[in-house]
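The structure appears below as structure tokens.
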2 protein chains.
Amino acid sequence: MQQLLNYFHTFQILNQDSQTQLLAISHLLHLKKNAILQPIGHTCKTIYFVQKGIARIFYYKDGIDITECFAFENQIIARVESLFTQRPSQKGIQIIENAELVAINATALFALYDQYPGIERLFRKIFEQGYVDTVNRLESLQFHSAEERYVHLLKEMPDVLQRVPLKYIASYLGITQVSLSRIRASIK
Amino acid sequence: MQQLLNYFHTFQILNQDSQTQLLAISHLLHLKKNAILQPIGHTCKTIYFVQKGIARIFYYKDGIDITECFAFENQIIARVESLFTQRPSQKGIQIIENAELVAINATALFALYDQYPGIERLFRKIFEQGYVDTVNRLESLQFHSAEERYVHLLKEMPDVLQRVPLKYIASYLGITQVSLSRIRASIK
DNA sequence: GTGATTATTTATCAATTGTTAAAGGATGCC
DNA sequence: GGCATCCTTTAACAATTGATAAATAATCAC
């Protein structure tokens with residue numbers, strides 16, 4: 001779990017005790033491509049850290065599969081709208097590429113906040129960054145064309161094309177798969 | 001400032017000392033319609049609480065004024081992408097309706113976090129809710145039509161039409177003003 | 001490998017949204 | 001009150017994106 005601790009330390013220095021407590025509520029998971037890590041309808045009680053591979057949050061709108069976000073190596077993934085409200089989520093988490101994940105028990109984590117201010121601060125900072133990323137993404141969806149969003153994605157995540165099927169990328173960009181194909185053809 | 005303390009207490013009970021500290025770094029502001037509360041280009045060092053009136057975060061894309069969000073009574077407004085990174089913001093804050101605001105010194109606030117865990121927790125929870133709201137709004141922009149987004153807005157903020165010019169609402173929804181007019185005409 | 005399944009592209013047509021310009025309304029200033 | 005300015009609507013046309021269907025390419029299971 002050294003990779004997870006390294007990630008934590010980019011946000012916040014933790015004392016030995018805090019580290020031990022965090023590791024005690026975490027465990028390693030290995031999952032194959034296409035596996036459902038969290039089904040739709042469950043309340044989010046786990047925060048995942050991606051050590052290897054890719055995961056995505058997805059949901060269905062009118063029966064159509066939509067990708068809300070991707071998580072690559074060294075990223076946290078959680079359905080925050082359920083995690084912070086403890087209401088059932090209409091979203092699920094799926095593995096896109098064979099993955100090695102750390103599952104962090106969120107209920108136990110929140111309980112640690114009282115005794116370990118450093119842990120509360122760590123996750124405050126982690127989710128503040130998630131908040132900022134989401135605000136920036138909102139801006140991209142609010143006033144950029146589909147083509148602009150696609151080009152921007154290639155800059156932000158250069159290896160996304162090699163590792164993620166286009167059907168997932170299309171809905172992530174807020175367009176249909178056919179429209180994405182057309183944009184790709186027109187850019188060449 | 002009782003209104004602000006009431007708002008805080010919906011998230012987190014604060015002891016007297018914490019309340020005193022928070023009030024010590026806050027002050028009341030009165031601003032008229034159209035006033036610029038924060039100009040574009042500044043780094044965000046203040047968190048505002050709207051006691052009366054309306055404010056908006058805005059920026060320019062290709063010279064066009066775009067509204068990122070509104071804040072009505074009993075809401076917090078801050079340019080989080082600057083607040084949490086302390087980098088200059090490409091966004092500004094403007095008053096839409098004569099307003100009474102509480103300005104909270106963010107630098108002083110962050111300094112209080114070390115001594116007053118209750119204050120850190122309070123703002124953790126406030127921004128967690130902001131994060132959830134932003135994720136939900138992202139979903140709305142990602143896969144709903146302009147008309148769906150307009151109808152949804154009327155449900156969420158029933159008095160927005162009476163209090164906010166349509167030109168601001170249009171860009172908030174991610175469409176042009178002309179397009180919004182057309183949608184309004186087609187719905188009647 | 002071979003066949004079946006899944007993913008991607010291409011084509012056609014429809015619907016939505018953007019762009020530009022002009023007209024009507026509303027608002028504020030003197 | 002009247003003029004100027006700003007806001008909103010309407011119209012016509014262009015560009016973008018969606019929907020459907022079919023063709024091609026890639027992947028997977030056996």
Side-chain angles (χ1 to χ4, degrees), chain A residues 31-36 53-54 56 58 60-67 70 94-98 139-154 159-188, chain B residues 31-36 53-54 56 58 60-67 70 94-98 139-154 159-188:
Chain A
L31 282 157
K32 295 228 180 257
K33 183 174 167 176
N34 292 327
I36 300 294
I54 311 175
R56 71 175 184 123
F58 70 100
Y60 292 100
K61 144 124 174 126
D62 303 334
I64 294 167
D65 178 310
I66 291 171
T67 296
F70 302 112
Q94 185 180 22
I95 302 303
I96 293 184
E97 191 181 81
N98 291 350
E139 185 187 318
S140 157
L141 275 172
Q142 193 177 4
F143 254 91
H144 290 80
S145 68
E147 182 175 321
E148 286 173 320
R149 283 170 353 236
Y150 175 70
V151 171
H152 183 253
L153 177 69
L154 296 193
D159 54 348
V160 74
L161 283 189
Q162 278 70 52
R163 301 176 67 187
V164 177
L166 290 170
K167 60 174 180 170
Y168 296 150
I169 295 175
S171 66
Y172 174 80
L173 292 173
I175 54 178
T176 62
Q177 199 181 338
V178 175
S179 198
L180 176 57
S181 244
R182 186 163 33 198
I183 287 166
R184 285 161 51 79
S186 80
I187 281 179
K188 273 176 212 158
Chain B
L31 281 157
K32 296 227 179 258
K33 183 175 166 175
N34 292 327
I36 299 295
I54 311 174
R56 71 175 184 123
F58 70 100
Y60 293 99
K61 144 121 174 129
D62 303 336
I64 295 168
D65 178 310
I66 291 170
T67 296
F70 300 112
Q94 185 180 22
I95 303 302
I96 292 184
E97 191 181 81
N98 291 350
E139 187 187 318
S140 157
L141 275 172
Q142 194 178 3
F143 253 92
H144 290 81
S145 69
E147 183 176 320
E148 286 172 320
R149 291 183 327 250
Y150 175 70
V151 172
H152 183 253
L153 177 69
L154 297 192
D159 54 347
V160 73
L161 283 190
Q162 279 69 52
R163 300 176 68 187
V164 177
L166 289 170
K167 60 174 180 170
Y168 295 150
I169 295 175
S171 67
Y172 175 80
L173 293 172
I175 55 178
T176 62
Q177 201 181 334
V178 175
S179 198
L180 176 58
S181 245
R182 187 161 35 197
I183 287 168
R184 284 161 52 80
S186 80
I187 281 180
K188 277 175 209 154

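Proteins get letters first, then strands, A, B, ... in listed order; numbering begins at 1 in each.
Rounded to 10 degrees, the angle separating the terminal helix axes of the helix from C:dG1-D:dC30 to C:dC30-D:dG1, each built from five base pairs, is 60°.
At whole-Å resolution of the value, CG in B:L173 and P in C:dG18 are 11 Å apart. Atom CG of A:N34 and atom P of C:dT5 are 17 Å apart (whole Å). Straight-line distance from the CG atom of B:N98 to the P atom of C:dG28: 11 Å, rounded to whole Å. In this structure, A:D65 places its CG atom 12 Å from P of C:dT8, rounding to the nearest Å. For the pair B:Q177 CD and C:dA21 P, the computed distance is 16 Å after rounding to whole Å. One can place NZ of A:K167 at 13 Å from P of D:dT27, the figure rounded to the nearest angstrom. Per the geometry, CG belonging to A:L166 stands 12 Å off P belonging to C:dT10, to the nearest Å. Taking atom CD of residue A:Q162 and atom P of nucleotide C:dT8, one finds them 13 Å apart after rounding to whole Å.
Put simply, the side chain of A:I36 reaches to within 4.5 Å of the side chain of A:F58, judged on heavy atoms. Counting heavy atoms from C-beta outward, A:Y150 and A:I175 have side chains that stay 4.5 Å or more apart.
Under the 3.5 Å distance criterion, the side-chain polar atoms of A:Q94 are left unmatched by any main-chain donor or acceptor of A:R56. Remark: side-chain polar atoms of A:Q142 are paired, donor with acceptor, to backbone N or O of B:T67 under 3.5 angstrom. The main-chain N or O of B:H144 is found under 3.5 Å from a side-chain atom of B:R149 such that the two form a donor-acceptor pair.
With rounding to the nearest 0.5 Å, the separation of CG in B:L153 from CG in B:L180 is 9.0 Å. Put simply, CG on B:L161 and CD1 on B:I169 are 5.0 Å apart, with the number rounded to the nearest 0.5 Å. Here CG of A:L154 is found 8.5 Å from CZ of A:R184. Values are rounded to the nearest 0.5 Å. A distance of 5.0 Å separates OG in A:S186 from CD in A:E147, rounded to the nearest 0.5 Å.
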Any protein N or O atoms within reach of nucleotides 15-20 of chain D? Criterion: under 3.5 Å, listing atom names and distances.
from   : atom 1 : to     : atom 2 : distance (Å)
D:dT17 : OP1    : A:A146 : N      : 2.9
D:dG18 : OP2    : A:T176 : N      : 3.3
D:dG18 : OP2    : A:T176 : OG1    : 3.4
D:dG18 : OP2    : A:S179 : OG     : 3.2
D:dG18 : N7     : A:R182 : NH2    : 2.9
D:dG18 : O6     : A:R182 : NH1    : 3.0

